[in-house]
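Below, each value reflects all heavy atoms present in this structure, side chains not excepted, and no hydrogens, waters or symmetry copies.
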Amino acid sequence: MEYNFSELEQKWQGQWKESKAYKVSNASDKPKYYVLDMFPYPSGAGLHVGHPLGYIASDIFSRYKRLKGFNVLHPMGYDAFGLPAEQYAIEHGVHPAVSTEQNIANFRKQLDKIGFCYDWEREVLTCNPKYYKWTQWIFLQLFNSYLNPLTQKATPITELVKAFQTEGSTQIDGLRATVKPFSAEEWKAFTEKEQQDVLMEFRLAFCGYGEVNWCEALGTVLANDEVVNGVSERGGHPVEKKRLRQWYLRITDYADRLLNDLQKLEWSDAMKEMQTNWIGKSTGAEIDFAIKVSSELSVVSNGHSQLTSHNSPLKVYTTRPDTIFGVDFMVVSPEHELVAGITSAAQQKEVEKYITYVKSRSERERQAEKKITGAFTGAYAINPFDGREIPIWLSEYVLAGYGTGAIMAVPCGDERDFKFANHFNIPITNIIGDAFNGTEPNATKDAKLTNSGFLNGVVLRDAIQIVVDKLEEMGIGKRKINYRMRDAAFSRQRYWGEPFPIVWKNGIAYPLPEKNLPLVLPEMDEIKPGKNGDGPLSNNKDWITDVDKYFEGVPSSIYPPLGDGGLESSTMPGYAGSSWYFLRYMDNNNDTEFASRQATDYWNQVDLYIGGTEHAVGHLLYSRLWTKVLYDLGHLGFDEPFKKLLNQGMITGVSEFIKELRIDKDIIEQYNNCEKQVCLVIDKKEINLNVPYGEGHNHIYISLDVNFPIQLKVLSNKDLIEVKSDVSEHRADIRFVNQSPEKSVLNVEDWLSAQPVYSDSLLICKDGYWQNGKYHDFDGNILSQKLEFKTNPTIEKMSKSKLNVHNPDDLVTKFGADTFRMYEMFLGPIEQSKPWDTKGIEGVHRFLKKLWRLFFDDIKGKVWNEAEPNADELKILHRTIKKIEDDTERFSFNTAVSAFMVCVNDLADIKCHKRAILEPILVLLTPYAPHIAEELWHSLGNDTFIIDASFPLFESKYVVESSKEYPVSINGKVRTNLNLPLDMEQADVEAAVASNETVQKWLEGKAPKKIIFVKGRMINVVI
RNA sequence: GCCUUGGUGGUGGAAUUGGUAGACACGCAGGACUUAAAAUCCUGUCUUCAGCAACGGAGGUGCGGGUUCGAUUCCCGCCUGAGGCACCA
């Protein structure tokens, strides 16, 4: 009888399903335990080997907890809204709902093959109207709430309205800077629009304006992912910033709670630190500087700029008010609202040019770039203490969204300010005496101030308070706590997401009545961007404008007739559905609530949440926010969603990059539609190749090993001119690449036929080129043999979008689910990222076969027996119980797999086939390899599922030792071993060591300086 | 650039609290069984020096320093891979 894994795995998967072995009840005498995986986005590429890594870990832990007597909730679902499905729809004309459904079916088939213990009756799908009804409902909770500054809790906005009606804005501590104070009378006199505008400044879900990546050529907003090197990944079109109306979640109001409550969580320090840094709390001061602008007339008349004062002050945020005398220039973000009003005539052109440049830059580039850029506005700020005129500059490294969008630059104390000053020849004031050497800035707080007026001689650290006090006294500054975190953009100009239950009329947002939720996403035949950056839904005029039906029966005193209003046309982002899905699993069929309070009280927090670190600051922060809001509003009994977090490391794959020659992005618009030629310079000989005309695409690819120069020429006004070009890299799907350790070679024909738009490509190899379906040498002769087009292998996380995925199906078919599960765990520590490689899976498979042979022999059949176990066998068993239990508890699954191997090797060595030993081992193994454990369990005559067995109890009496083989080191280097009783004390040990032959050899007759003895560990002799 | 994290044999990794570096596997080499293969089993396998061998010497956890009787583990500096950086999920 041999180990027929495919037959037995199918058999048990069928029986588990049929008898609902993994169905979980919301009522149980057992203690509860909630194990959750980060649910997957169902991509068209299917499950890849990185997905199950975490799922296997959670499955092991769920089964382990169940064996330990817990009622374990372990559900699974899909994060089914998202950009890729929409992109696929645009490219292939398949509706996202259809492709998503197919993808989910495919995922499910793949997941089922691995033998997970999910309770599939609790499955959730974020794109299901029954689910997103409640996503929309929670959105309305956010929309209809504000953070009460006194209680620091989300509170219905009606409370705020009441307060405004009776007291005006006076009682509202921390009134937003954007709202002017008003009295109760003034509030009552406000128009509805004015009132609603004020309330919008408080709502936790609110509408504002934000910048997006706008691609004019594609007529759409692009995700950061879709922008590469400043141009659209598809087509290489220019991308610039565009200001659009957007929804936001006011997460900044929760910054302090999100920060403080981290201490309640059993998350890794790294994860907490990432969130802490993301929230980025800092204490400092806001300081108003008076501005003087140049008067243009004076400039013309006498050539010197004369300054006149400007109405608004320049408000800066700084954490170092102590350095105020060292301010040598101001840096304002190019988007700052003051810029237009303070720029001098002389600087006008330069400033405009700079702003245009910055518009084309992504936020990442602006912060990452090492090159220093900026423009002088011609205006000056006035230092309030000594009246010094400080030039005001623009630079991209100051972002509009952080602080006040303006900083005071102190070059002697700040790296970036210092470089900026040097680059633009701005004189540097030294306010820290010897602590500044003139060649590198020093951010110390412990030096004594110099050149600092009334602060001279004061230590910087102490000067902070003095300066802020003084500024507050003068009424031009105040203490301020700032957060780096910004409010979370919550709208997308896309189709495949949750529609907002909001109707707009006359600039006022009216929420849909709850009873009319869900607002269902309408079917659309064609998905394409709307006008002016609106989402695709805006093309569906009927849906947008047919709004009265949602308000039937609602008194007109609450809503005016909305007949000519329109539904919000953007949709919610991917993280909307994933911010609360863990709650829905608890009660996933509830039609009257997102989940019953009874269910959420019972299951409470997720006890163990497993997922990748890539969600550190996105999903994990938003889920925390939503949980807190629901808690504040009384819908939940807990305010943190995930008690313990285990970060599975990513499985990395090898992506393959292809070099593409493109026109430089700065001139792409000018020449994109011209005919092009590439000129290869090989051994001083020029070879010119025509490039097919292609709008937006150049389609010129260069093999990795090409090392001769290549120029790009365009035909402009009948002249062939050389233009600036850029080599960008983009990925080829690894399915089309022959990967070997030595080199990666593109399968050109397959690659091109998979993407017909690229069929006109020119591929340049080392010894020739591919064009029009043929390889040529550089003389243009058609070659019969293939040339090698090499790609650039690069290690990255495995992901569909990186085109480097490996599918688990083949391995499961070849070796079985149990082998696959144990192999993924055996790869290494769950928390570390590791490369995917299948060589090694044989070893795990051999282990399972070896285990099988402890029960059955291929020829003899049954070999297990009922004999009484001896001491050695019991020792092996109990050592294994201890090790597996410890390792599982600390999520050290790789060492647990090793421990199983050691155990089976040991039992095989002593030919132990005793049921009394083998049966408990099967229970230990159940979480890791449930199928083989189940099969052998039944072979031993059991007729219940092994998952309903109890975890074996460790008994230390079987493993106690009376002596130990101590390692004996001389000066820290092990020289010999010494077997000593475990209860032997220092004095006796020293005597035993001193008389040891090897030790004496090393002592050479001298006495040891010291003998270090750590009981049960080691002995070290110091000579 | 900023935040986080990793770097140990040919490969994946082990060493749980500062205490025998390389467990367990893969691969490789040699052998047993077999007509042969598969499967299985046995032996060896960090580098290097010396040696017929038993055994032994030296070095060794990315690099350079430090603390310690003792460092893969703690501290300082550097190099380098990965993840995230707000519209991929």
Taking only side-chain nitrogens and oxygens of [X], does any of them come within less than 4.0 Å of OP1 or OP2 of [N]?
X: N977(A); N: rU20(B); answer: no
X: N905(A); N: rC24(B); answer: no
X: R975(A); N: rG57(B); answer: yes
X: R846(A); N: rA39(B); answer: no
X: R486(A); N: rC87(B); answer: no
X: K834(A); N: rG13(B); answer: no

Give [X] one of three labels, base, sugar-phosphate or nothing, depending on what nucleic acid heavy atoms sit under 4.0 Å from its own.
X: V902(A); answer: sugar-phosphate
X: Q246(A); answer: base
X: E614(A); answer: base
X: M485(A); answer: base
X: S491(A); answer: base
X: R853(A); answer: sugar-phosphate
X: A616(A); answer: nothing
X: R1017(A); answer: sugar-phosphate
X: I1012(A); answer: base
X: Q493(A); answer: base
X: G574(A); answer: nothing
X: V974(A); answer: sugar-phosphate
X: N1020(A); answer: base
X: K883(A); answer: base

Ionic contact status for [Y] with [X], cut-off 4.0 Å:
X: E498(A); Y: R492(A); result: no
X: K419(A); Y: E415(A); result: yes
X: R853(A); Y: D858(A); result: no
X: E211(A); Y: K242(A); result: no
X: E335(A); Y: R366(A); result: yes

Using the [atom1] atom on both, measure [N] against [M] and round to a whole Å.
N: rG44(B); M: rC24(B); atom1: P; answer: 12 Å
N: rG10(B); M: rC49(B); atom1: P; answer: 15 Å
N: rU48(B); M: rU11(B); atom1: P; answer: 15 Å
N: rG6(B); M: rC76(B); atom1: P; answer: 15 Å
N: rC63(B); M: rU68(B); atom1: P; answer: 23 Å

From the set [options], return the single nucleotide nearest to any side-chain atom of [X].
X: T613(A); options: rU4(B), rA86(B), rG83(B); value: rG83(B)
X: T794(A); options: rA82(B), rG56(B), rA86(B); value: rA82(B)
X: V617(A); options: rC88(B), rG84(B), rU40(B); value: rG84(B)
X: T895(A); options: rA14(B), rG19(B), rG1(B); value: rA14(B)
X: M650(A); options: rA39(B), rG83(B), rA15(B); value: rG83(B)
X: R364(A); options: rC87(B), rC85(B), rC88(B); value: rC85(B)

Should the side chain of [X] and the base of [N] be counted as holding a donor-acceptor pair, with the cut-off at 3.5 Å?
X: K973(A); N: rU20(B); value: no
X: N277(A); N: rC3(B); value: no
X: E226(A); N: rC88(B); value: no

Modelled atom types, side-chain donor and acceptor of T252(A) and D487(A), under 3.5 Å: yes
Q275(A)-W267(A) side chain donor-acceptor pair, cut-off 3.5 Å: no
Salt bridge (Lys or Arg N to Asp or Glu O under 4.0 Å) between E889(A) and K882(A), intermediate numbers included: CA-CA 11 Å; E889(A) 288 280 356; K882(A) 178 99 173 75; over 6 Å; no
Could you list the donor-acceptor pairs under 3.5 angstrom formed between side-chain atoms of residues 76-90 of chain A and any protein atom two or more places apart in sequence or on another chain?
from, atom 1, to, atom 2, distance (Å)
E86(A), OE1, Y495(A), N, 3.0
E86(A), OE1, W496(A), N, 2.7
E86(A), OE2, Y495(A), N, 2.9
Q87(A), NE2, E91(A), OE2, 3.1

Quick one: [X] [atom1] to [N] [atom2], roughly how many Å, whole number?
X: D886(A); N: rA14(B); atom1: CG; atom2: P; value: 16 Å
X: R494(A); N: rC87(B); atom1: CZ; atom2: C1'; value: 7 Å
X: K839(A); N: rA25(B); atom1: NZ; atom2: C1'; value: 12 Å
X: Q986(A); N: rC69(B); atom1: CD; atom2: C1'; value: 12 Å
X: H615(A); N: rU5(B); atom1: NE2; atom2: P; value: 19 Å
X: N224(A); N: rG84(B); atom1: CG; atom2: P; value: 12 Å
X: Y575(A); N: rC87(B); atom1: OH; atom2: C1'; value: 10 Å
X: E997(A); N: rA54(B); atom1: CD; atom2: P; value: 19 Å

Option from L537(A), T220(A), L244(A) for which side chain to side chain contact (heavy atoms under 4.5 Å, CB included) with Q493(A) holds: L244(A)
Upstream residue (5' side of RNA chain B) when P967(A) and P829(A) are each assigned their closest nucleotide: P829(A)
Toward the 5' end of RNA chain B, by each residue's nearest nucleotide, N971(A) or K797(A): N971(A)
Check: L978(A) and E965(A) side chains under 4.5 Å, non-hydrogen atoms: no
Cation-pi, Y402(A) ring and R486(A) (6.0 angstrom, 45 degrees): no
In rG9(B), glycosidic geometry as syn within 90° of 0 or anti otherwise: syn
Base-paired stems that RNA chain B participates in, counting runs of 3 or more Watson-Crick or G-U pairs under 3.5 Å: B:1-7 with B:79-85, B:10-12 with B:24-26, B:27-32 with B:40-45, B:46-49 with B:56-59, B:62-66 with B:74-78
